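Keep in mind that what you see is a predicted model, and the values were worked out from it rather than measured. Proteins come first, then strands; the chains are lettered A, B, ... in the order of their sequence lines, and each starts at number 1.
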Amino acid sequence: MRFMLLFSRQGKLRLQKWYTATAERDKKKMVRDLMQIVLARKPKMCSFLEWRDLKIVYKRYASLYFCCAVEEQDNELITLEVIHRFVELLDKYFGSVCELDIIFNFEKAYFILDEFLMGGEIQDTSKKSVLKAIEQSDLLRIYFNKADA
Amino acid sequence: MPAVSKGDGMRGLAVFISDIRNCKSKEAEIKRINKELANIRSKFKGDKALDGYSKKKYVCKLLFIFLLGHDIDFGHMEAVNLLSSNKYTEKQIGYLFISVLVNSNSELIRLINNAIKNDLSSRNPTFMCLALHCIANVGSREMAEAFASEIPRILVAGDTMDSVKQSAALCLLRLYKTSPDLVLMGEWTSRVVHLLNDQHMGVVTAAISLITCLSQKNPDEFKTCVSLAVSRLSRIVSSASTDLQDYTYYFVPAPWLSCKLLRLLQCYPPPEDGAVKGRLVECLETILNKAQEPPKSKKVQHSNAKNAILFEAISLIIHYDSEPNLLVRACNQLGQFLQHRETNLRYLALESMCTLASSEFSHEAVKTHIETVINALKTERDVSVRQRAADLLYAMCDRSNAKQIVAEMLSYLETADYSIREEMVLKVAILAEKYAVDYSWYVDTILNLIRIAGDYVSEEVWYRVIQIVINRDDVQGYAAKTVFEALQAPACHENMVKVGGYILGEFGNLIAGDPRSSPLVQFNLLHSKFHLCSVPTRALLLSAYIKFINLFPETKTTIQEVLRCDSQIRNSDVELQQRAVEYLKLSSIASTDVLATVLEEMPPFPERESSILAKLKKKKGPGAVSVTELEDNKREGGELNGGADRGPDSAAMAAKNRPMSNFSTHCHSGKITNNR
């Protein structure tokens, strides 16, 4: 995977994860470009499109668009399920996740994504494993916070 | 849905985010942000050292501001300081900051690398994972230099925990992608292959990604992975859905793992060992069979996962291109998907079939679906699906269906999206040339292209039609007539004028007998478009005029008058002026013999690689045009040279036809045909 973007229907970027080194200026341009294209698509259209030399796989969940850019030879359907898995993880963690959760806890969203994908590849596909790892970090957090106090 | 969850949220951060959201305007937002930035700056500079929690909070705020889209030019030092904290959350935020705001300051890099090194050797798996993550996220050259030899060791060490192994594998993958020269093969490679047999599926998943990438550059080093991959795949495919528990996704056993195994196998040719090959073929057949079974769940996730495996298996079958039975079955399966309810599946089926079309075993099978594909081209609402259908038509085109396909593509072109027109034009031009049995059809097609999508007809396309007309005696008259008729249209594209001007200049004599296309009529027709054209076109037309003087002496006075007028001989463009002046002079001083020699008909063009194909390749990338296509074109190029008398020493003939070098460069090569 080259990058993943989460943005709202109003074009507000909520999360951006880049898996290749890209200049800030280029990132901004790509994001603007892609958001425009995806937001213009109608509901019944297919979830894949070609953009520059990449394939874009996107899906809308409530008010958020989850958009991934993958390479030419990557499998589109499985990428759709990667997106779904990520949503499931967020859902489990936040308890019925919504856009506000991701706004106010953006750093946690990044942490969850990092447990799940690394360098653009899936680390572990077992939902249980990933959630366990996240919970462990939480426990560590709470433990250390208690130690703090 | 708690706004701040799990009891460790930073209240200050939440308040700040609320403030930003409540800002009514962009100005208000910027004002609030600047206020906060000033606050953070002063806190960082302050005399009393900040405690970990505050540092973490401020670094997080800076991160938020950055992600909103504003530039941040401080905070890196504080973030790096957080790395050396023993508190997990502080470390985590520190790493997040530096992964997102990558800084190339060498002092910072040194400090970051130190912190990472400490965490890597800490033997604390969570800290190790954080560090590995950071390396994978940033993947800079400096990090690669520092850690490329360390990571493989961690990966294959016996006492490394599973979670760390996973992270190490993917981290190494990232480093290899960005700095392959720094990751040296060693004795760790054989141990990495054996990770394919690991108990922990997560480790296997991560290892496969790594091996797939490594084996592309070092196939021999990793070729033992093939048999391991096949046995793993076979175990998954034949397992009941209850076996794999955690790794079963909506009743599909280990879909990600299956897809990755199938991808890995695409890096190698079919296994030589009979037993391994047999097991693999069985696997593939099972996968194809499962597609026909009723689904275990109505959820789209189930069908997506199942079909993801199916499509990957089909990719493998196409890659091997050696099992006719499997290829035909794959083609039939895709054929079913072509008419599926779900748009995604139709899209993917069209895409997959494109690759299938180039295999000799399945090419015929693919052709049977031509009506469905044409229908898709006409009726699909989604432009990306229509484009796939167009691509497939291009791929399945051969002698038997060329006329039909070109006609469909031309009518699609009339309403196609502007972004894809140039590519479509190139493709139609290539098909028309490659499969033309009757060259008048070819000429019609290209002229239609110019009429429908003139703006997108690049030079290569219209140069080509002229080359072909010049090289083939049998189509010259037809070309002249057709071009003449096309130019009658009140609004015709400039490219049409270029083609028309050139062809009439060379072959106008073939239709001059008919009073409707007498020389003067031809000249007036061309000249009526003159003032509407750009400079290069006008230059071409001037050359056509002097050729007319040679072909039709009765037009001499009329044309000379045109050349003589001020707008020509005093034209501000140097090229036009030069041509007008020289042609005028040539027409007045040269005897008819000399004129005839200088303006002799163009000799046939020698054969070269089609520049249109080269242009398409450049546009789409090397995968789009197979080498065999290019070879075919080279061989078929011989057909372009009409009869036997126009042989390969056209170069010699060309030399003979140019007694006066400077004049002839104007008339023959140079400006018009780009001196190839």
Start with the C-alpha gap between A/Glu76 and B/Phe311, add the side-chain angles, then the distance that decides, and say whether side-chain contact (heavy atoms from CB on, under 4.5 Å) holds.
CA-CA 9 Å; A/Glu76 289 102 324; B/Phe311 274 104; over 6 Å; no
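- Look at A/Glu121 and B/Arg174 and you find no salt bridge, because none of the NZ, NE, NH1 or NH2 atoms lies under 4.0 Å from a carboxylate O.
- Distance alone, capped at 3.5 Å, is enough to place a donor-acceptor pair between the B/Asp382 side chain and the A/Cys46 backbone.
- At a 4.5 Å heavy-atom cutoff, the contact between A/Lys28 and chain B is made by side-chain atoms alone.
- A heavy-atom distance below 4.5 Å is found between the side chains of B/Leu96 and A/Phe111.
- When heavy atoms are compared at a cutoff of 4.5 Å, B/Phe66 approaches chain A solely by way of its side chain, counted from C-beta outward.
- Heavy atoms closer than 4.5 Å to chain A are found in the side chain of B/Arg263, but not in its backbone.
- Considering NZ of B/Lys260 and CD1 of A/Ile78, their distance stands at 9.5 Å, rounded to 0.5 Å.
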Step by step, would you call A/Phe48 with B/Leu348 a side-chain contact (heavy atoms from CB on, under 4.5 Å)?
CA-CA 9 Å; A/Phe48 320 121; B/Leu348 292 173; 3.7 Å; yes
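- Tested against A/Glu107, the residues B/Leu67, B/Thr89, B/Val59, B/Leu13 include a single side chain to side chain contact (heavy atoms under 4.5 Å, CB included) partner, B/Leu13.
- Neither the backbone nor the side chain of B/Tyr95 comes within less than 4.5 Å of any heavy atom of chain A.
- Proximity to chain A (any heavy atom under 4.5 Å) is restricted, for B/Cys259, to the side chain, taken from C-beta onward.
- The structure places OG of B/Ser209 at 11.5 Å from CE of A/Met118, a figure rounded to the nearest 0.5 Å.
- Contacts between B/Ile17 and chain A at a heavy-atom distance below 4.5 Å involve backbone atoms as well as side-chain atoms.
- Interface remark: A/Val82 contributes backbone and side-chain atoms alike to the contact with chain B (heavy atom separation under 4.5 Å).
- Note that the CZ atom of B/Arg388 and the CG atom of A/Leu49 stand 10.0 Å from one another [nearest 0.5 Å].
- With B/His133 contributing its side chain and A/Asp114 its backbone, the two residues share a donor-acceptor pair below 3.5 Å.
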I'd like to know whether A/Tyr110 forms a side-chain contact (heavy atoms from CB on, under 4.5 Å) with B/Ser99, so could you lay out the CA-CA distance, the side-chain angles of the two residues, the decisive distance to 0.1 Å, and finally the verdict.
CA-CA 11 Å; A/Tyr110 276 99; B/Ser99 319; over 6 Å; no
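- Neither the backbone nor the side chain of B/Phe16 comes within less than 4.5 Å of any heavy atom in chain A.
- Here the shortest heavy-atom pairing between A/Gln123 and B/Leu170 reads CG-CD1, 3.4 Å.
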Worked check of side-chain contact (heavy atoms from CB on, under 4.5 Å) between B/Tyr247 and A/Ser129
CA-CA 10 Å; B/Tyr247 290 89; A/Ser129 284; 4.0 Å; yes
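- Atom CG of residue A/Asp124 and atom CH2 of residue B/Trp256 lie 10.5 Å apart, to the nearest 0.5 angstrom.
- Looking at B/Ser18, the atoms closer than 4.5 Å to chain A (heavy atoms on both sides) sit in the backbone and in the side chain alike.
- Of the two parts of B/Leu68, neither the backbone nor the side chain holds a non-hydrogen atom closer than 4.5 Å to a non-hydrogen atom of chain A.
- Using a distance-only test at 3.5 Å, with no hydrogens or angles considered, a donor-acceptor pair links the side chain of B/Asn344 to the main chain of A/Ser47.
- Contacts of B/Ser303 with chain A are absent, with no heavy-atom separation under 4.5 Å from either backbone or side chain.
- Salt bridge annotation for B/Glu351-A/Lys55: present, with a cationic side-chain nitrogen under 4.0 angstrom from a carboxylate oxygen.
- At a 4.5 Å heavy-atom cutoff, B/Asp51 makes no contact with chain A through either its backbone or its side chain.
- Summarising the geometry, atom NE2 belonging to A/His84 is positioned 3.5 Å from atom CD belonging to B/Gln301; distances are rounded to the nearest 0.5 Å.
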